[in-house]
Asks: 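The following block contains the structure, expressed as structure tokens.
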Amino acid sequence: NGTTLSYDGNIVETPTAIISFHVDTTEPRIPAIALAAGPYIYVYKNIRPYFKFTVPSLDINQLEQDLWNQAKADKIDVQMLHDMLESIKSDSDAVPLTPLSTKFLQTAPHQRSHFVSVYRENPLKRQTVITALETLKKSHPDDDAISCLIIGTENKDMYILDPEAFTVLVKQALPSQPVFLRSTGLYDVDYRILVACRNGNILVMKKGANTPKFCITLNSHPIGIERIGKNIVIATMDKNLMCYNNKIKNLWSIPMPTNITCLASMDFKAKTFKGVLVGMDNNEVRVYRDKFLVDTMTVPDIPAMMQFGKYDREESTLIVITKSGGLHIFILKRNVDLSQGLASASVGPSPKQFQKLNVPRKTKTFVDQTLREREHGVAMHRQFQHDLYRLRLTTARNFAEALEKKMMPISSSNFAPLKLAANVQGIGPMFRLSIEIMNTSNSHPILGAYVVLVTNDTLYVLEKSYINLPLLVPSLTYTVNTMVRCTSDQGITDAINVFVYIKGKCSPVLTAIIDMPASESMIVV
């Protein structure tokens with residue numbers, strides 16, 4: 001009460017989660033507190049113990065149970081019990097051992113007989129521990145309405161408890177251990193439960209669904225998850241704060257300057273402000289609305305946990321627990337104006353959007369062309385389509401003619417798949433013509449290929465017009481050279497035709513046309 005300690009109770013296990021909820025409609029409307037520790041949930045009401053719930057025990061290995069029953073009846077010795085339990089422990093597909101068997105395996109050999117004689121009468125139990133707590137409104141959305149408890153366990157299970165009888169209403173198996181739970185909706189109508197798992201996946205559990213729906217894969221482990229309206233805000237260990245919508249589409253992602261330590265939602269009802277509080281290890285607490293930074297405050301130590309809500313008479317209070325164990329309470333002023341922070345965050349369109357563009361004035365030619373397009377739009381479109389068809393037809397004819405006359409640089413024949421490339425070196429009147437030929441087949445060599453060069457004899461003199469090719473091994477490039485002399489000094493040029501034949505074939509396999517450059521005049525020194 002204020003800064004005075006009102007209640008101090010001892011708990012055997014280490015607490016893992018705490019949450020407040022209403023269990024009945026008794027006036028005055030005072031909520032109960034649920035505290036999770038180990039496999040138990042301790043419920044306190046009016047600062048007194050109210051109820052204790054134990055998570056259902058897990059299944060026990062039947063072979064382990066039989067072994068302890070035989071040990072109880074002295075049908076097996078201690079060494080055999082130890083060996084059989086060791087074999088069960090090494091079996092990865094078997095049900096895990098109970099704590100009693102695990103402790104027996106860790107006992108020294110000279111103490112095993114005493115251990116069995118003392119603990120063999122104890123019943124075998126295998127329990128899990130609670131990792132996360134959350135509440136779900138049962139039938140009414142009011143703030144003081146009765147709520148169900150949602151429990152996440154280390155054994156990858158999730159339970160929904162009845163708030164009055166504390167019986168299990170729903171049990172759901174999960175693919176990984178839950179670390180954060182967030183709910184929306186009503187249990188009696190329809191609800192959605194967001195489950196942040198330890199493996200970095202976010203799941204959605206709907207009412208009536210047999211299995212949870214996998215929706216988000218994070219690049220790092222989650223630090224916190226909050227639902228703000230219809231959006232999901234997630235903080236991760238890689239210093240990122242990200243937001244998703246209901247359709248699991250990433251709306252934005254903000255990198256933080258330092259590591260994030262905790263995350264909490266902020267609902268300032270007096271100003272209809274909804275945002276998130278981000279605690280960081282530089283002793284800062286940042287307030288974000290959407291992706292815009294609204295305010296920043298400094299706390300005395302690194303924040304470990306935060307909660308925003310009603311405290312005593314104040315409707316808007318932030319409670320921060322630091323890593324050193326300190327408890328700090330901050331009260332938000334009732335007349336605070338958070339819109340100033342939004343204005344400084346450049347919310348809205350860019351100022352450049354309102355700058356007038358330098359658009360040139362419309363000329364008479366532009367206006368006449370626009371009128372012509374309006375009046376003759378159909379005829380212009382038909383003429384365009386006609387010209388396009390003629391272009392396609394001409395292209396197809398030229399391609400078919402090139403294939404027929406073997407005027408392609410790559411052969412399309414199956415028996416002699418060749419590739420040809422040629423280049424001319426020199427400035428004249430002597431040129432060097434280099435021809436590169438490669439067999440493009442995978443495993444078949446080509447034998448009996450030769451090259452024939454044809455040109456205008458009045459302009460060019462060829463050193464070799466017929467060149468035999470060696471055995472063409474696949475994937476190797478073969479280069480043949482010949483000298484070409486230009487006999488004209490008038491700057492007249494022509495082309496040299498290159499044909500590649502295979503012995504026994506009357507038509508060429510490849511054809512290339514090489515345009516010769518203009519020859520420089522011969523300089524006599």
Side-chain angles (χ1 to χ4, degrees), residues 365-366 368-425 431-460 462 464-482 484 486 491-518:
T365 304
F366 176 80
D368 294 343
Q369 182 67 17
T370 303
L371 295 176
R372 176 177 171 273
E373 291 178 357
R374 289 179 181 176
E375 295 176 359
H376 307 285
V378 177
M380 294 174 65
H381 178 71
R382 290 176 179 174
Q383 184 63 35
F384 171 77
Q385 293 293 329
H386 180 267
D387 295 342
L388 181 60
Y389 292 148
R390 288 181 61 87
L391 177 62
R392 291 175 178 173
L393 178 61
T394 304
T395 304
R397 284 177 176 174
N398 293 336
F399 183 70
E401 182 181 0
L403 290 177
E404 183 179 357
K405 295 183 178 181
K406 305 294 189 300
M407 298 181 65
M408 302 289 291
I410 299 178
S411 174
S412 59
S413 63
N414 296 327
F415 65 90
L418 298 175
K419 179 180 178 181
L420 185 144
N423 59 80
V424 181
Q425 301 172 354
F431 298 96
R432 180 181 180 181
L433 178 62
S434 298
I435 302 172
E436 296 179 353
I437 298 177
M438 183 176 69
N439 181 4
T440 59
S441 66
N442 294 327
S443 58
H444 299 289
I446 298 175
L447 182 63
Y450 58 93
V451 178
V452 177
L453 304 177
V454 179
T455 186
N456 188 354
D457 296 338
T458 61
L459 292 179
Y460 299 103
L462 298 174
K464 292 183 289 185
S465 60
Y466 177 90
I467 304 173
N468 275 318
L469 296 177
L471 177 67
L472 302 180
V473 180
S475 302
L476 290 182
T477 301
Y478 297 85
T479 304
V480 293
N481 302 314
T482 183
V484 181
C486 180
I492 303 174
T493 62
D494 203 347
I496 297 177
N497 297 325
V498 181
F499 303 95
V500 179
Y501 286 89
I502 300 294
K503 291 182 180 180
K505 302 293 182 180
C506 59
S507 60
V509 179
L510 283 178
T511 302
I513 300 176
I514 304 173
D515 293 327
M516 297 296 293

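For this chain, numbers begin at 1 and follow the sequence in order.
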Asks: Are the side chains of F499 and V451 in contact, using a 4.5 Å heavy-atom criterion?
Replies: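 Result no, sub-4.5 Å side-chain heavy-atom pair not found.
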
Asks: Name all residues meeting the ring-ring contact (aromatic ring centres under 6.0 Å, His included) criterion together with Y466; count only those two or more places apart in sequence or in a different chain, and write none if there are none.
Replies: Y450

Asks: Would you please name every residue forming a side-chain hydrogen bond (donor to acceptor under 3.5 Å, both in side chains) with T365, sequence neighbours left out?
Replies: none

Asks: For the atom pair CD (Q425) and CG (N423), what is the distance rounded to the nearest 0.5 Å?
Replies: 5.0 Å

Asks: Test side-chain contact (heavy atoms from CB on, under 4.5 Å) on V498 and I435 and set out the steps.
Replies: CA-CA 9 Å; V498 181; I435 302 172; 4.0 Å; yes

Asks: Let me confirm one number: the NZ-CD distance from K419 to E436, rounded to the nearest 0.5 Å.
Replies: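 Taking NZ in K419 and CD in E436, the distance rounds to 9.5 Å.
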
Asks: For the residue pair Y501 and V509, establish whether any side-chain heavy-atom pair is separated by less than 4.5 Å.
Replies: no

Asks: For H444, which residues count as a side-chain contact (heavy atoms from CB on, under 4.5 Å) partner, sequence neighbours excluded?
Replies: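 Once residues adjacent in sequence are excluded, the partners of H444 under the side-chain contact (heavy atoms from CB on, under 4.5 Å) criterion are S441.
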
Asks: Suppose we screen for side-chain contact (heavy atoms from CB on, under 4.5 Å). Which residues come up paired with T493, at least two apart in sequence or across chains?
Replies: Y460, A518

Asks: If you measure from CG on L447 to CG on L472, what distance do you get to the nearest 0.5 Å?
Replies: 8.5 Å

Asks: Looking at residues at least two apart in the chain, or sitting in another chain, which of them share a side-chain contact (heavy atoms from CB on, under 4.5 Å) with V424?
Replies: F431, L433, I514, M516, P517

Asks: Output every pair passing side chain to side chain donor-acceptor pair (under 3.5 Å) with a member in residues 384-396, not counting sequence neighbours, ordered by first then second residue.
Replies: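 Every side chain to side chain donor-acceptor pair (under 3.5 Å) pair that includes a residue of residues 384-396, provided the two are not neighbours, is Q383-D387.
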
Asks: For the CG atom of L469 and the CD1 atom of I446, what is their distance to the nearest 0.5 Å?
Replies: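 Going from CG on L469 over to CD1 on I446, the span is 10.0 Å.
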
Asks: Applying side-chain contact (heavy atoms from CB on, under 4.5 Å), run through V454 and I496 and close with a yes or a no.
Replies: CA-CA 6 Å; V454 179; I496 297 177; over 6 Å; no

Asks: Measure the spacing between CD1 of I502 and CG of L418 and express it to the nearest 0.5 Å.
Replies: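 Between I502 CD1 and L418 CG, I get 6.0 Å after rounding to 0.5 Å.
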
Asks: What is the minimum heavy-atom distance between N439 and P445, and which atoms define it?
Replies: ND2-CA, 3.7 Å

Asks: Indicate yes or no: at least one non-hydrogen side-chain atom of L459 is less than 4.5 angstrom from one of I492.
Replies: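 Heavy-atom side-chain distance check passes, below 4.5 Å.
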
Asks: For D368, what residues pass the salt bridge (charged side-chain N to carboxylate O under 4.0 Å, His left out) criterion, not counting sequence neighbours?
Replies: K364

Asks: Under 3.5 Å, side-chain donor or acceptor atoms of residues 473-482 against the rest of the protein: list the pairs with distances, not counting sequence neighbours.
Replies:
| from | atom 1 | to | atom 2 | distance (Å) |
| --- | --- | --- | --- | --- |
| Y478 | OH | L471 | O | 3.1 |
| Y478 | OH | V473 | N | 3.0 |
| N481 | OD1 | S434 | OG | 2.9 |
| T482 | OG1 | K464 | N | 3.1 |
| T482 | OG1 | K464 | O | 3.4 |

